[in-house]
**Q** 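Below is the structure I would like to discuss, written out as structure tokens.
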Amino acid sequence: MKILVIGGSYFYGRVFVMLAAKEHEVTVVNRGTYPMDGFGAKQITGDRRDGAVWEGCREDYDVIVDFCGYEKGDIAKVLGHFAGDVRQYIFISTVDVYERGTKGRKAENAPLERRAFAGEAGNYIAGKVALEQELAEECGKRGIPNTVLRPAVLYGPFNYAPRESEYIRIAVQNHVLPRITDAAGQFQFVYVKDAAEAIMKCLLNPNAYGQAYNLCQSRIMTYDIFLDGLKSAADEELQEIPVSCREAVQQGIPLPFPVTEEETELCSNEKSIRELGMIYTAFEEGMAKTYRAFKGVYAGIK
């Protein structure tokens, strides 16, 4: 199978490329910040918003997997200039697209957020919502089957965003673990390899055409559960340092997950399990693998 990946060099995309290139012919289109030939993939260097990049793509591909669509027009630009043929378009969205403030676990048919919110997070949500609609419209015009994947909070090796990796860095280098004392928010994780496997299960899968899937573990997480898992994964005794959310902000300790009950938004993974056959890695297992991967990175860095 020939797969064209847009983005694909950072974290989720990288893990997918590493997995897919073992079985398929993979070409990655990105800005060239990270070379991909070491993963067995071809690379086309360019900005996705440059129509000339897609006019130069004259080969046919079985599937496009789009990791880095963020703004309205990103998908229209690709398909409007793409010179080859494509049989399926898979768009990586987010569970954040759902309407905020509703209780319970949202299924894939829940209303999407149509309100505008200020700031970077608001722009991110608005962009993903707009692009899901754009995907349906642009693929509909061309008769291209499409699939949307909505991952929850991704974690795992290669995640250098200041989430679990920053807490692991603190643990490895300082032998301490900040214990957030007053966070009441809840959230859901998805191990990055599981999310990559979900894409593999959707490739030219007729049952996935026209569908959206939440990707998340069933278990509801809190800061305490997260930190307990990290502490268990560590192979040394860690001194716990209690800090409030306010103190964490003052000390530069990231609070990357929902802190308050009002921020809590949960989703159902039943459709992905039922229709894709997803089996989600237990948090303790995934965190143990993540800790081991990052310990090797941070142990020699001061």
Side-chain angles (χ1 to χ4, degrees), residues 1-22 24-86 88-94 96 119-132 134-135 138-139 144 146-151 154-163 165-166 192-193 195-196 199-200 203 256 293 297:
M1 192 181 301
K2 290 182 64 175
I3 303 170
L4 184 66
V5 175
I6 308 175
S9 62
Y10 180 80
F11 192 34
Y12 186 10
R14 180 188 295 195
V15 174
F16 170 72
V17 169
M18 293 168 66
L19 189 65
K22 295 177 182 178
H24 305 292
E25 182 181 337
V26 178
T27 300
V28 179
V29 177
N30 60 23
R31 295 178 180 174
T33 304
Y34 301 99
M36 303 300 294
D37 52 355
F39 301 135
K42 301 176 185 177
Q43 189 165 13
I44 298 172
T45 302
D47 189 323
R48 69 169 296 148
R49 297 190 175 101
D50 181 358
V53 171
W54 307 112
E55 290 166 3
C57 289
R58 300 190 173 277
E59 294 185 49
D60 297 336
Y61 290 91
D62 293 298
V63 185
I64 291 176
V65 183
D66 189 345
F67 285 94
C68 65
Y70 299 113
E71 298 178 6
K72 185 177 181 180
D74 280 351
I75 293 173
K77 174 73 73 174
V78 173
L79 293 178
H81 292 268
F82 192 73
D85 291 327
V86 60
Q88 183 188 17
Y89 199 118
I90 298 176
F91 175 61
I92 308 303
S93 185
T94 170
D96 292 332
E120 184 177 342
N123 292 335
Y124 175 76
I125 293 169
K128 289 293 188 180
V129 171
L131 284 169
E132 286 200 22
E134 185 171 294
L135 176 75
E138 295 297 328
C139 288
I144 301 172
N146 60 88
T147 305
V148 175
L149 296 178
R150 298 170 180 158
L154 286 154
Y155 78 102
F158 302 110
N159 184 17
Y160 289 94
R163 297 203 289 262
S165 63
E166 182 62 11
V192 66
K193 189 175 180 182
I199 303 174
M200 298 289 286
L203 296 173
V297 174

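Start at 1 with the first residue, then count along the sequence.
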**Q** Quick one: list whatever passes ring pair (Phe, Tyr, Trp, His ring centres under 6.0 Å) with Tyr155, sequence neighbours left out.
**A**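 In terms of ring pair (Phe, Tyr, Trp, His ring centres under 6.0 Å), with neighbours along the sequence ignored, Tyr155 is linked to Phe189, Tyr191, Phe283.
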**Q** Between Val148 and Tyr89, does the side chain to side chain contact (heavy atoms under 4.5 Å, CB included) criterion hold? Intermediate values first, please.
**A** CA-CA 9 Å; Val148 175; Tyr89 199 118; over 6 Å; no
**Q** Could you label the plane-to-plane angle of the Phe16 and Phe67 rings as parallel, tilted or perpendicular, counting under 30° as parallel and over 60° as perpendicular?
**A**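 The rings of Phe16 and Phe67 sit tilted, inter-plane angle from 30° to 60°.
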**Q** For Gly73 versus Leu131, what's the shortest heavy-atom pair and its separation?
**A**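 Smallest interatomic distance, heavy atoms only, reads N-CD2, 4.1 Å.
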**Q** If you look at every heavy atom in Val53 and Asp47, which pair is closest and at what distance?
**A**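 Heavy-atom minimum between the residues: CG2-O, 3.5 Å.
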**Q** Any chance you could measure Ile144, atom CD1, to Leu79, atom CG, to the nearest 0.5 Å?
**A**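 Output value for this atom pair is 5.0 Å.
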**Q** Applying side chain to side chain contact (heavy atoms under 4.5 Å, CB included), can you list everything that pairs with Ile125, at least two apart in sequence or on another chain?
**A**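 Expected list: Asp96, Glu113, Val129.
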**Q** Under the 3.5 angstrom rule, does the side chain of Arg48 hit a backbone N or O of Cys68 as a donor-acceptor pair?
**A**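 Indeed, once roles are kept as given, a pair shorter than 3.5 Å links the two residues.
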**Q** Listing request: all side chain to side chain donor-acceptor pair (under 3.5 Å) pairs with a residue in residues 69-80, at least two apart in sequence or in separate chains.
**A**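 Found Arg49-Asp74.
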**Q** To the nearest 0.5 Å, tell me how far Phe82 CZ sits from Ile75 CD1.
**A**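 Result: 13.5 Å between the selected atoms.
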**Q** What residues, two or more places apart in sequence or in another chain, satisfy salt bridge (charged side-chain N to carboxylate O under 4.0 Å, His left out) together with Glu134?
**A**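 So Glu134 forms no salt bridge (charged side-chain N to carboxylate O under 4.0 Å, His left out) with any residue.
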**Q** Is there side-chain contact between Leu4 and Val86, with heavy atoms separated by less than 4.5 Å?
**A**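 No. Closest side-chain heavy atoms not under 4.5 Å.
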**Q** Heavy-atom distance under 4.5 Å between the side chains of Val192 and Asn159, does that happen here?
**A**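 No, their side chains stay 4.5 Å or more apart.
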**Q** Specify the closest pair of heavy atoms between Val17 and Ala41, including all atoms of both residues, with the distance to one decimal.
**A**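 Taking every non-hydrogen atom into account, CG1-CB, 3.9 Å.
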**Q** Find the distance between OG1 (Thr27) and CD1 (Ile3) and round it off to the nearest 0.5 Å.
**A**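 Atom-to-atom, Thr27:OG1 and Ile3:CD1 are 9.5 Å apart.
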**Q** So, do Phe39 and Val26 sit near enough that their side-chain heavy atoms are less than 4.5 Å apart?
**A**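 A side-chain contact under 4.5 Å is absent here.
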**Q** CD1/Ile6 to CD1/Ile92 distance, rounded to the nearest 0.5 angstrom?
**A**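 One gets 10.5 Å once the value is rounded to the nearest 0.5 Å.
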**Q** Backbone N or O of Leu154 within a donor-acceptor pair of the Tyr12 side chain at under 3.5 Å?
**A**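 Checked: no pair found.
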**Q** With side chain to side chain contact (heavy atoms under 4.5 Å, CB included) as the test, would you mind laying out the steps for His24 and Asp62 before giving the verdict?
**A** CA-CA 10 Å; His24 305 292; Asp62 293 298; over 6 Å; no
**Q** Report yes or no: does Arg14 contribute a side-chain atom to a donor-acceptor pair with the main-chain N or O of Ser9 at less than 3.5 Å?
**A**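 Yes, because the side chain of Arg14 sits within donor-acceptor range (under 3.5 Å) of the backbone of Ser9.
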**Q** After noting the C-alpha distance and the side-chain angles of Phe91 and Asn146, does the key distance pass the side chain to side chain contact (heavy atoms under 4.5 Å, CB included) rule?
**A** CA-CA 8 Å; Phe91 175 61; Asn146 60 88; over 6 Å; no
**Q** Is a side-chain N or O of Ser93 found less than 3.5 angstrom from the main chain of Arg150, in a donor-acceptor match?
**A**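 Flag not set: sc Ser93 to bb Arg150 has no pair under 3.5 Å.
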**Q** Going from CD1 on Ile90 to OG1 on Thr147, what distance comes out if it is rounded to the nearest 0.5 angstrom?
**A**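 So the gap between those two atoms works out to 5.5 Å.
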**Q** Using the test salt bridge (charged side-chain N to carboxylate O under 4.0 Å, His left out), find all partners of Glu59 that sit at least two apart in sequence or belong to another chain.
**A**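 Here the qualifying residues are Lys2.
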**Q** Looking at residues at least two apart in the chain, or sitting in another chain, which of them share a ring pair (Phe, Tyr, Trp, His ring centres under 6.0 Å) with Tyr124?
**A**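 Scan of Tyr124 (ring pair (Phe, Tyr, Trp, His ring centres under 6.0 Å), adjacent residues dropped) gives none.
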